[in-house]
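Here is the structure we will look at.
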Amino acid sequence: MLRHTTNWVTKPANRVDGPDKANGAAKYAGDYRVPGQLVTRALRSPIPHARITRLDTSAALKVPGVLAVITSDDFVDHGRFGFPVADNFILAYQKVRYVGEGVAIVAAVDADAAEAGVNAIELDLEQLPVIEDMEQALRPDAPVIPDVVTEGSKKGQPNVCLTQIVRNGDPEPIIAASPVQLDQTYATPFQEHAYLEPEAVLSIPNPDGSVIIYACDQSPFNNRGIAAAVLGLPEDKVRVIQAIVGGSFGGKDEGVYQMSAQTAKLALLTNRPVGMVFSREESIIVSYKRDASKIRVRLGADKDGKLQAAKVEAWLDGGAYSAETVLTAWRAAMHLAGAYTYQAVTGDVHVLYTNNNYSSAFRGFGNTEAVACIEQAIDEVAEQVALDPIDMRLKNIIGKGDRTMTGATLNQEVGLRACLEWVRQKSDWDRKRREFPAQNKNARYRKGIGVACYFHGMGLGGEGVDFANATIAIERDNSVTLTNGLTDYGTGARTVFTLIAADVLGARPERIKVLLTDTETAINSGPTVASRASVVGGNATRVAAEKIAQLLTFAAANLFKCAPAQVLRDKEAFIGPDEEPVDFDTVVNHARQLGYVLSAHGRWQLPVIHWDFEKGTGTPYVGYTFGAQIVEVTVHTGTGRVQADRIWAAHDIGKVLFPEGAYGQLYGGITQGLGYGLMEEVEINHGYIHNVNFDDYIIPTAMDVPPIEATFVEAPFHLGPYGAKNVAEPSMLGVAPALANAVYHATGKRIRELPLTPERVLLGHALHNDDHGDNSRLWLGYADGLRKVRITQAA
Amino acid sequence: MANKTAVQATINGEDVEFLCEPHQSLLEVLRDVLRLTGTKEGCNNGNCGACNVILDGVLVNSCLVLGVEAQGKRITTIEGIAPPHGLHPLQQKFLEHAALQCGICTPGFIISAKALLDHKPHPSEHEVRHWLAGNLCRCTGYDKIVRAVLDAADVMAVEVSK
């Protein structure tokens, strides 16, 4: 049911975590210190691909101050983990597959002792050929990276982890018969999450053999599940408490789970608390990235620009371990041809193994890559038929009742047209598209303006059952305690849950405290991913709060001696037939006297949908968010430098629950999109990451972000709390392709490879630093020659 | 371990004496020795501003200052800018504008902004952006931070003129 009047939801509100974060009191995982806490140092692989022929940690254990050393042998099944494909390890087993992969961890009383311990470990590595890129991975003679049987194994391409497909008719004959055709390949880079908090965990052993893990993770329940499995403990012996998390963007899953299991094992072995905090360099070298992609787009359209069919094939560089790229690829497949109607579409997304670090979740989760490419392709078709890019989109976008590119019918309100029209009008698009080319003749600085739009499937979709659990309790002092199995790593989810509970209960937000997610107090709600917290976690909160609200209404009716339906609410007040208001505390106290139990559990689940992964057909998502973004640029033709001058953004995210939070997500997403489009690229040469800190890996600063004019189009979503949808991921999607389209408008150069660095804009290709690993080896501790790691060539 | 140096400094208005190793950064001293963990480590090479503190009136990356250099100096960290039981106007405006999300960069931004307003009470938007370009934020897109600083400057100017 949609509520039309609200007291706190949709209104200006303060973040519940604001004061502690503004005064320095908020504790992140790396801020904890407990008595007896040990520190750790890791022995990490200095080369991209090798067999481990010998690993001897006995000398390390004799180093004064060293209390324990662990390797893969210390975990059940050698610490194998990974979902959906279990190809990863808590510490490298038998082989190392990327530079920086952990081989052994030392726990010691201080950093010097730990470092000496690492230097005492003897490791022999037999070098294997390195797969540096996706072309090499596909060669018949390529060394096989994974130790699991892949989908590609059956076809003689074992480095193809799997292929996610969409089958919606047969586009080939339609494209062949189309008067307008496009066949272009686009490329996107590895992107670093660059959360400002480097990873940190702290594990504390209990006398009964259980362990508490404080972690900067995204999904404490997934963390607990993996840790328990590899430690050989039942899940109730592992308690994961999420500390305040300093940003994640998809980046604090697998890597933090490895750290959690490592420190938990060391804590149990030593019976001492064990902390592990990454340096920035360690974070960038060791943690996973957004996959790099190549996407070939084939489109057919009629002479008027009406799209007919699309055949899209994508290759994702998943690196050494498949991690969530298997699912990223699925989401990419579901969006490959964009928010348009077609007669037929097929999509194929291949996940490849290479020795380039590894890839996993990152904001947008495959759709960022898809939108970056298809939205350039749409502009290229528009030009062929001499259509304005926005007119081209308006002619082809999906609306309510249309079939999406996967063939499923869209049964929801669609605000995409309104988004495109808003950005068109606000940006003065038509005039600028007309006038900029005329002004650009012989100019050193050239102006351009470009657009992109998108759709983004909500929640997990076909990836899994999409549910959450919340609890609510009115405490003895009439404050309200909430838990939620979905977490807040900076997104504002706890504030959204607070506002929803406040509104449903009729209780001031100041009364409400949302606990940090702790696996012993919250109820498992699956992973906190896919921007699903507001809709799914929000609905679970709503369900729990409605149970209490109903009890309070009964209590008030009893107090007023009237029927429950006669009780009215005005913020905290209860009003009976005699119109004399009674306050919240009086009603709560009365409810208690009546013996009501003022605590409740709410569970909520999105309707189950079905996607057939084998056939590539079905319904991928219950609904979509939509948006359109326009970027205006100035290009310096002498240097190739692109400056974003202004950005306009309109997003259909349904009802906005927490406006300040939603705009924060939007501006933040746009800024990450700006980085993705203009400057961010993890440069991996011969398996080594070159840019390992913020002096080389450049993210946008306050000087790079132009004025942003943004709005929300609130097309209500019938399943969302108050009609809400999600915002976190979609906010970044359109910026990079809009930039590429704007640069084309300014210069006439179509650069099909992101990011749009000065070299690419000026020369048409990137200039790569031919780093052979000096940077990485330095930060992995190999610079002083004290590591006892012997590298030999395979016989 | 060995060779620790005794250092006397004034931190957030309090005279303190601490022992530190000659190679320890001021950031390490603040966090590990004095347990003032509001100052954060984001990069440890002077690029992100999360560890910014004010040292004798000058904004510094505490990761690039040695602990022993604090001898005789006055240091202001995020823990020291609010009045008792209250908030500094910058903190207040960061809350009002929702100018923080994950919050890990927030102490550095607030300290940097304070250093700016101490020297230049009425900065333009461009000046704020330029000054804060040494602080990285990955969540907010900076817009709300810039608004919060400009708004705080207005409030502080009114307070001064009272």
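Fair warning: this is a prediction, and the values are worked out from it, not measured in the lab.
- Between chain A and the residues B:I78, B:L132, B:L136, the largest count of heavy-atom pairs under 4.5 Å involves B:L136.
- With respect to chain A, the highest number of heavy-atom pairs below 4.5 Å among B:I104, B:D32, B:T39 belongs to B:I104.
- Between the side chain of A:R15 and the backbone N or O of B:A98 there is no donor-acceptor pair closer than 3.5 Å.
- Contacts between A:I708 and chain B at a heavy-atom distance below 4.5 Å are absent for every atom of the residue.
- Both the backbone and the side chain of A:Y663 come within less than 4.5 Å of a heavy atom in chain B.
- Contact annotation for A:V705: both backbone and side-chain heavy atoms come within less than 4.5 Å of a heavy atom of chain B.
- With chain B as the partner, the residue from A:A25, A:G661, A:P19, A:G492 showing the most heavy-atom pairs under 4.5 Å is A:P19.
- Crowding of B:K120 atom NZ: a count of heavy atoms from other residues, nucleotides or ligands under 6.0 Å not exceeding 12.
- At a 4.5 Å heavy-atom cutoff, the contact between A:T701 and chain B is made by backbone and side-chain atoms alike.
- Other residues, nucleotides and ligands contribute over 12 non-hydrogen atoms within 6.0 Å of the CH2 atom of B:W131.
- Counted within 6.0 Å of CD on B:E17, heavy atoms from surrounding residues, nucleotides or ligands total more than 12; the atom is thus considered enclosed.
- Listed for the A:N693 side chain is a donor-acceptor partner under 3.5 Å among the backbone atoms of B:C43.
- No side-chain heavy atom of A:K21 sits less than 4.5 Å from a side-chain heavy atom of B:Q101.
- In plain terms, the two heavy atoms of B:C102 and A:G247 that are nearest each other are CB-N, 3.2 Å.
- Listed by sequence position, B:R138, B:C139, B:T140, B:G141, B:Y142, B:D143, B:K144 are the residues of residues 138-151 of chain B in contact with chain A, using a 4.5 angstrom heavy-atom cutoff.
- In terms of non-hydrogen atom pairs under 4.5 Å with chain B, the most contact-rich of A:A26, A:A194, A:G675 is A:A194.
- Considering only heavy-atom pairs separated by less than 4.5 Å from chain B, the leading option among A:G664, A:P12, A:G18, A:S279 is A:G664.
- Considering only heavy atoms from C-beta on, A:L196 stays 4.5 Å or farther from B:C137 through its side chain.
- Here A:D31 pairs with B:R31 in a salt bridge; the nearest charged N to carboxylate O distance falls below 4.0 Å.
- Most heavy-atom pairs under 4.5 Å with chain B, from the set A:D20, A:T671, A:D704: that is A:T671.
- With chain A as the partner, the residue from B:E96, B:H88, B:R35 showing the most heavy-atom pairs under 4.5 Å is B:R35.
- A distance of 11.0 Å separates CG in A:D695 from SG in B:C48, rounded to the nearest 0.5 Å.
- Looking only at heavy-atom pairs under 4.5 Å with chain A, the residue among B:I81, B:L87, B:T106, B:L100 that has the most is B:L100.
- Heavy atoms of A:E281 lying under 4.5 Å from chain B belong exclusively to its side chain.
- Contact of the A:M703 side chain with the B:H130 side chain is registered, since non-hydrogen atoms from C-beta on lie closer than 4.5 Å.
- At a 4.5 Å heavy-atom cutoff, the contact between B:A133 and chain A is made by backbone and side-chain atoms alike.
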